[in-house]
Amino acid sequence: MNTITPNHAVFFDVDDTLYDHLQPFREALEEILHTGPNFPYESAYHRMRYYSDYLSAQAGGTPTYGQVLESMRTERFVRSLGEFGLSLTTEQAAAVQAAYLGRQFDIRPFPGALELIGELQARGAVVGIITNGPPDHQWRKIRALGVDRLIPAELVFISGAVGLTKPDARLFNLIAGKLGIAPDQCWYIGDSWRNDVVGAAGAGWHSIWFNHRGIPPESDPHLPHTPVASYAELSRLLLSESM
C-alpha cells in the first residue's frame with residue numbers, strides 16, 4: 001500500500017470498529033438474565049454477531065424496520081445464547097434486545113479513533129463511514145460517538161438509506177463512483193469478516209480487518225486483507241510513510 005494522500009479515501013465501519021460493541025451486550029445480559037462475572041461474554045457476543053449477519057443475509061440484507069427486523073433481533077439472541085446453556089423464550093430474547101438497544105447510545109469511541117480520523121483528514125484524505133442498519137438507529141450511534149462533528153453527512157453511507165447492504169460489492173462500487181476515486185485508492189476498516197473484509201476486498205478496495213477480538217476468519221483466510229488489533233496498530237499502518 002501507499003501512503004495516504006489527498007487522492008485516497010478511508011472509510012470506517014461503526015459497530016465494534018469505532019467503539020466497543022461488547023459493552024451494551026454484556027450490560028443487557030447482566031440486567032435481564034443475571035449472568036455473572038464468569039459468563040463467556042466475548043464468545044457469546046461473537047456468536048450473536050455471527051447470527052445477526054447470518055439472519056440478515058437470509059432476509060436478503062439487513063432489515064431496517066417492521067416484523068422482519070424485530071424477529072431477526074430476537075432470534076439472534078435465542079440462537080447465540082442457546083449455545084452457552086441459556087434457553088430463552090421469545091419474550092426473554094425480546095427483553096434482552098430492548099435492554100441491549102437502550103444501551104447502544106451510551107457509548108464512547110475507542111481510544112485513538114477520533115484522533116486517527118482527524119489526522120487522515122489533515123493529510124487530505126476523504127474519510128467516511130459505511131455501516132449496515134436502519135438510518136435513524138445508526139445515526140444516533142454516530143452522534144453519540146461525536147463522529148458527526150468530524151465526518152460530514154454526505155460521507156456517511158448507511159445500508160437502510162442507500163438500499164444496498166454489506167457485503168454487497170455494489171455498495172462499495174457505488175461509493176467509489178460517487179467520489180470519483182478508483183477502488184485501489186480506497187481503504188475500508190471493519191471488524192466483521194463476512195461484511196467488511198469480504199465486501200471491501202470483493203470490490204477491489206484495500207480491506208483492513210479490525211480484529212481486536214482475535215477471532216479466526218469465517219472463510220478463505222487468503223482473501224486479500226490486512227489485520228490489525230488496535231488503533232495504535234491501525235494508525236501506524238495508515239500513517240506510516242513506509243506503507
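Every value quoted in this text rests on a predicted model; they were computed, and no experiment measured them. Here, residue 1 is the first one in the sequence, and each next residue gets the next number.
In this structure, W205 is a member of the same hydrophobic cluster as L155, with clusters built from ILVMFWY side-chain heavy atoms closer than 4.5 Å. Under the 4.5 Å side-chain contact rule for hydrophobic residues, I32 and L29 share a cluster. Hydrophobic clustering keeps M72 apart from L101 (ILVMFWY residues linked when any side-chain heavy atoms are closer than 4.5 Å, directly or through intermediates). Taking hydrophobic clusters as Ile, Leu, Val, Met, Phe, Trp and Tyr residues chained together by side-chain heavy-atom distances below 4.5 Å, L69 does not share a cluster with V78. Y51 and L86 fall into different hydrophobic clusters, where Ile, Leu, Val, Met, Phe, Trp and Tyr are joined by side-chain heavy atoms under 4.5 Å apart, directly or via other members.
Q97 and R76 are linked by a side-chain donor-acceptor pair at a separation below 3.5 angstrom, with hydrogens and angles left out of the test.
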Steps toward side-chain contact (heavy atoms from CB on, under 4.5 Å) verdict (L22, R213)
CA-CA 10 Å; L22 178 60; R213 302 200 184 280; 3.3 Å; yes
Inset, instruction - Take H206 and F11, measure what ring-ring contact (aromatic ring centres under 6.0 Å, His included) needs, and give me the verdict at the end. - result: CA-CA 10 Å; H206 297 282; F11 280 79; over 10 Å; no
Checking salt bridge (Lys or Arg N to Asp or Glu O under 4.0 Å) for the pair R49/D15: CA distance, chi angles, key distance, verdict? CA-CA 10 Å; R49 290 292 302 277; D15 296 313; 5.8 Å; no
Pair V127, E119 - check side-chain contact (heavy atoms from CB on, under 4.5 Å), show working. CA-CA 10 Å; V127 181; E119 180 58 33; over 6 Å; no
**Derivation and outcome, side-chain contact (heavy atoms from CB on, under 4.5 Å), residues S56 and N132** = CA-CA 10 Å; S56 293; N132 283 351; over 6 Å; no
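Taking CG of D191 as the start and NE2 of H212 as the end, the distance is 5.5 Å to the nearest 0.5 Å. In this structure, OG on S207 lies 12.5 Å from CH2 on W187, to the nearest 0.5 angstrom. Taken to the nearest 0.5 Å, the OG atom of S235 stands 4.0 Å off from the CG atom of L116. Here the straight-line distance linking atom CG of L88 with atom CD of E75 works out to 10.5 Å at 0.5 Å rounding. If you take CG on L234 and CH2 on W209, they are separated by 15.0 Å, rounding to the nearest 0.5 Å. Summarising the geometry, atom CZ belonging to F77 is positioned 7.0 Å from atom CG belonging to L81; distances are rounded to the nearest 0.5 Å.
At distances below 3.5 Å, at least one donor-acceptor pair connects side-chain atoms of N211 with backbone N or O atoms of I215. A distance-only check finds a donor-acceptor pair linking the side chain of R123 to the backbone of L239 [under 3.5 Å]. Under a 3.5 Å cut-off, the side chain of T74 and the backbone N or O of S71 do form a donor-acceptor pair. A donor-acceptor pair is defined here as one N or O able to donate and one able to accept, closer than 3.5 Å; such a pair exists between the side chain of Q121 and the backbone of L150. Here the side chain of Y45 pairs no donor or acceptor atom with the backbone of H21 at under 3.5 angstrom. Proximity of a side-chain donor or acceptor of S52 to a complementary backbone N or O of M48 within less than 3.5 Å is not detected. Checking side-chain atoms of Q185 against main-chain N and O of A182 turns up no donor-acceptor pair under 3.5 Å.
The residues K166 and D13 are annotated as salt-bridged, a charged nitrogen and a carboxylate oxygen being separated by less than 4.0 angstrom. Classification of E233 and R236 as a salt-bridged pair fails, no side-chain N sitting under 4.0 Å from a carboxylate O. In summary, R79 and E83 do not engage in a salt bridge, as defined by a charged side-chain N under 4.0 Å from a carboxylate O.
Within the 4.5 Å cutoff, the side chain of L238 has heavy atoms near those of the I189 side chain. Between F157 and L164, every side-chain heavy-atom pair lies at or beyond the 4.5 Å cut-off. With a 4.5 Å cut-off on side-chain heavy atoms, S80 and Y50 do not count as touching. Using a 4.5 Å cut-off on side-chain heavy atoms (C-beta onward), Y19 and R108 make no contact. Here the side chains of H137 and Q104 are in contact, with some heavy-atom distance below 4.5 Å.
Environment of CG in D106: sparse, with no more than 12 heavy atoms of neighbouring residues, nucleotides or ligands closer than 6.0 Å. Counted within 6.0 Å of OH on Y54, heavy atoms from surrounding residues, nucleotides or ligands total 12 or fewer; the atom is thus considered open. Taking a 6.0 Å sphere around CG of D184, one finds it holds more than 12 heavy atoms contributed by other residues, nucleotides or ligands.
The two residues V156 and I151 have their closest heavy-atom pair at CG2-CG2, 4.0 Å. Of all non-hydrogen atoms in L171 and T165, the two that sit nearest each other are CD2-C, 4.3 Å. Residues A44 and F39 come closest through the heavy atom pair CB-CE2, 3.8 Å. Here the shortest heavy-atom pairing between F172 and A203 reads CB-CB, 3.4 Å. For the residue pair A201 and P224, the shortest heavy atom distance occurs at CB-O, 3.7 Å. S159 approaches G133 most closely through the heavy-atom pair OG-N, 2.8 Å.
Between F25 and Y100, the ring-plane angle classifies as perpendicular under the 30° and 60° cut-offs. Taking the six-membered ring where tryptophan is involved, the planes of Y231 and F110 are tilted, since the angle between them lies from 30° to 60°.
Residues passing the side-chain hydrogen bond (donor to acceptor under 3.5 Å, both in side chains) test with D53 are S192, N195, sequence neighbours excluded.
The side-chain contact (heavy atoms from CB on, under 4.5 Å) with F12 is formed by just one residue from the set T131, L18, I130; it is L18.
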